[in-house]
2 protein chains.
Amino acid sequence: MRKGQYTMQDIANELGISKSTVSRALKNHPDISQDTKDAVHKLAKEKDYQPNSLALSLRHNKSFVLGIIVPEIVHDFFANVISGVQKVAYNEGYNVMICISNESTEQEIVDTKAMFSSRVDGLLISRTKESNDLSHLKSIVNKGVPLVMFDRVSEELNVSKVITDDFQGAYMATEHLIKQGCKNIIHLSGPDNLAIGRNRKNGYLAALKDYNIAVDENMIIPCPKGDLDEGKSTMYDIIDQKIEFDAVFANNDVTAIGAMNAAKEKGLSIPNDVSVIGFGDWRLSQLLDPPLSSIEQSGVDIGVTAAKLLLEQIRAEEKDEDFTPRTEVVESHLIKRGSSIHN
Amino acid sequence: MRKGQYTMQDIANELGISKSTVSRALKNHPDISQDTKDAVHKLAKEKDYQPNSLALSLRHNKSFVLGIIVPEIVHDFFANVISGVQKVAYNEGYNVMICISNESTEQEIVDTKAMFSSRVDGLLISRTKESNDLSHLKSIVNKGVPLVMFDRVSEELNVSKVITDDFQGAYMATEHLIKQGCKNIIHLSGPDNLAIGRNRKNGYLAALKDYNIAVDENMIIPCPKGDLDEGKSTMYDIIDQKIEFDAVFANNDVTAIGAMNAAKEKGLSIPNDVSVIGFGDWRLSQLLDPPLSSIEQSGVDIGVTAAKLLLEQIRAEEKDEDFTPRTEVVESHLIKRGSSIHN
DNA sequence: TTTTTCATTTCAATCGGTTGCGCTGATTTT
DNA sequence: AAAATCAGCGCAACCGATTGAAATGAAAAA
């Protein structure tokens, strides 16, 4: 970068014409003679001229960059979302700038500001688990930046959202366990401040109700962190407390894996003593022993849907059209595997 | 974005001063009176003024953005590298722009140009498997953009590189198998056009030689795609051809898992009939049955090292100092697990 | 009173590309 | 031959922030 870049002015100087002519020649403006166009194109190719997007963005107030903030990246779901977003963005001529909040609200705030500063044309975000602070998001929305939330969304914000059908997925998972003959189904629930966690819990509750199984609040155990160790230690606690159970529906696959590992270590057989089902369908969940049943949430679909929604809004606003934010629900699917199927 | 942003000029107008004064006031330039500074800071805070990075970048010929191009993102190794890069970049005030080449050279070329157009201050890249075309990389280097290659590097390019000690890792893996008593070790090798694959093969060969085991070229089977299905089908072929073997060292974990699954399906016991070891240590490899032995390649370390190297070069060139590209080798470690340990 | 000095502030160019408008000279119309 | 038309190109402002140099005005020195 330090060295001077090769600019339109340079082309202009070499050819003894003005840079406006160069600019128009490069985009085949009808005002420019064919001779001039040819000369300009030839030189531009020779010198491998590449336009400076910064200058363009500044001029047009438009960067052709979409921002995306995810809590983690070493995570199949988010990685899939990103690849879905990229696919759509590429096809529409946009680039993607990614920030990782690392599940930290402070980082999320910094990232949001950075995104605004670099004038992304729109922002996609899945929030950190920990916080309820929305001021930074409100602020960026007020400044007119189109925002789409996905997966971990907040109802309070009037923006477009893309979510999986958490309720339905949890309902299917629970129903599946019930149909396998399970009566005492533990739910390892997610953080209560995220709709996602609440919806999954509600799906679980609804299935129990529909099948006339009494709800025992002690069987709903919060696992807000949702990592392997939490799943493990929670399962140890459950077993130590001699809570009677024959199935576990976890808020996510990692927690389910932790619980499964702990149960196996304690000598319980899966799925015969305990059926286990997760949520999210990790790429490798099918390779476990036994393979983990799960609710498939297509990260790619969510990414694609969210990116399209965002671009729709960006374009509407560019044309000064009204755009009413909406929420799209991406279907989830029950994946039955060995961890929950009784022989 | 469409709506006018709140700029320094706006602050200047409201306060009846010039924008240069606003600029200096915001950065506490000594020339500006305290009263003016206070007024400017107050208004800036009130209106939530955020500087336009595009304008800054254009002015300073410096974007504070590092670009990174990876072949895949739904991949623990690359995701870890990215998170390592992000960590370093954040601390140094840089943002990260990510592109995914999807193992396609054309995409890689497009991405490289896009990165240059948005004037990243430096570029990190791990190449696609398929190609040997380096012209786009040469071109960006010629334009003065610092470039660091990691993991999948090319010797032909005189730039900094960060690699794992593939030779040593492969040697350790092979040695480990030999020490477990294995005599007929199959190597599922990687693509030959990448140094990474060649080095691993050489490590395997060196270990065999050191332990006086004859090399059988038929036991070295290329798996250039390196995906699950290739691992599986290759293993089926091997078994069908009745090749005698008691161990498999695969170029990566996914291939190893594919081979392991296929072997299990064919009724072979792991590790008793066949010992298996992979390369790369996937996050979930330890959760398999049996857990997969592997050579740990710390993606995070590679990302951190590569980012630091890139920043070092960027800074040197900013100060017009010379910088000689160098190659850093990140250690790899043998992780022994159930898939290779004989009882 | 005139000249210096100094603290503040403004002016204007700059980064690279875009674009409305005006200018030039040649060709066509009347 | 004078007027109108038009192709082709250049001028200059603009996007938002920075920065060296010049300007302003008031207080201090001569």
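Order of the sequence lines fixes the chain letters, A, B, ..., with proteins taken first and strands second; residue numbering starts at 1 for each chain.
The number of heavy atoms from other shown groups lying within 6.0 Å of CD (B:E106) does not exceed 12. Residue A:K113 places its NZ atom among 12 or fewer non-hydrogen atoms of other residues, nucleotides or ligands, all under 6.0 Å distant.
Ion pairing of A:K308 with A:E312 is absent here, as no side-chain N (NZ or NE/NH1/NH2) approaches a carboxylate O to less than 4.0 Å.
Each of B:L58 and B:I17 was assigned the nucleotide of DNA chain C with the nearest heavy atom; the assignment lying further toward the 5' end belongs to B:I17.
Rounded to whole Å, atom P of C:dG16 lies 13 Å from atom NE2 of B:H60. Atom-to-atom, NZ of B:K19 to P of C:dA12 comes out at 12 Å; the value is rounded to the nearest Å. Here D:dG16 presents its P atom at 12 Å from CG of B:N13, a figure rounded to the nearest Å. Distance CG (A:L56) to P (C:dT18): 5 Å, rounded to an integer number of Å. Rounded to a whole Å, the CE atom of A:M8 is 14 Å from the C1' atom of C:dC15. In this structure, the CD atom of B:Q9 is 11 Å from the P atom of C:dT10, given to the nearest Å. Atom pair B:N52:CG and D:dC14:C1' shows a separation of 14 Å (rounding to whole Å applied). To the nearest angstrom, P of C:dC15 lies 10 Å from CG of A:D10.
Near DNA chain C, defined here as any heavy-atom distance below 4.0 Å, the residues from residues 24-38 of chain A are A:R24, A:K27, listed numerically.
Of the candidates C:dG17, C:dT9, D:dA17, the closest approach to any side-chain atom of B:T21 belongs to C:dT9. Checked against C:dT14, D:dG10, C:dT18, the side chain of B:R59 finds its nearest nucleotide in C:dT14.
A cation-pi arrangement is absent between B:K87 and B:Y90, since the terminal nitrogen or guanidinium carbon is not both under 6.0 Å from the aromatic centre and inside a 45° cone about the axis.
Inspection of the A:S139 and B:D48 side chains reveals an N or O donor paired with an N or O acceptor under 3.5 Å. Checked by atom type, the side-chain pair A:T21/A:S18 shows a donor-acceptor distance below 3.5 Å. For the residue pair A:D133/A:S135, the side-chain donor-acceptor check at 3.5 Å is satisfied. Remark: the B:N61 side chain and the A:Q5 side chain contain an N/O donor-acceptor pair separated by less than 3.5 Å.
If you check distances only, the side chain of B:S20 does reach the base of C:dC11 with a donor-acceptor pair under 3.5 Å.
Between A:Q5 and the phosphate of C:dG16, there is a side-chain N or O to OP1/OP2 separation shorter than 4.0 Å. Checking the phosphate oxygens (OP1, OP2) of C:dG17, no side-chain nitrogen or oxygen of A:Y6 falls inside 4.0 Å. For A:S18 and D:dG10, the shortest distance from a side-chain N or O to OP1 or OP2 is below 4.0 Å. At the phosphate of C:dG17, OP1 or OP2 sits under 4.0 Å from a side-chain N or O atom of A:Y49.
Between the axis at the start and the axis at the end of the helix from C:dT1-D:dA30 to C:dT30-D:dA1 there is an angle of 80°, using five pairs per end and rounding to 10 degrees.
Side chain of B:T128 to main chain of B:P71: no donor-acceptor pair is present (N/O by atom type, distance under 3.5 Å, no hydrogens or angles).
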Fill in: Full working for side-chain hydrogen bond (donor to acceptor under 3.5 Å, both in side chains) between A:D35 and A:S33
CA-CA 5 Å; A:D35 286 356; A:S33 73; 5.5 Å; no
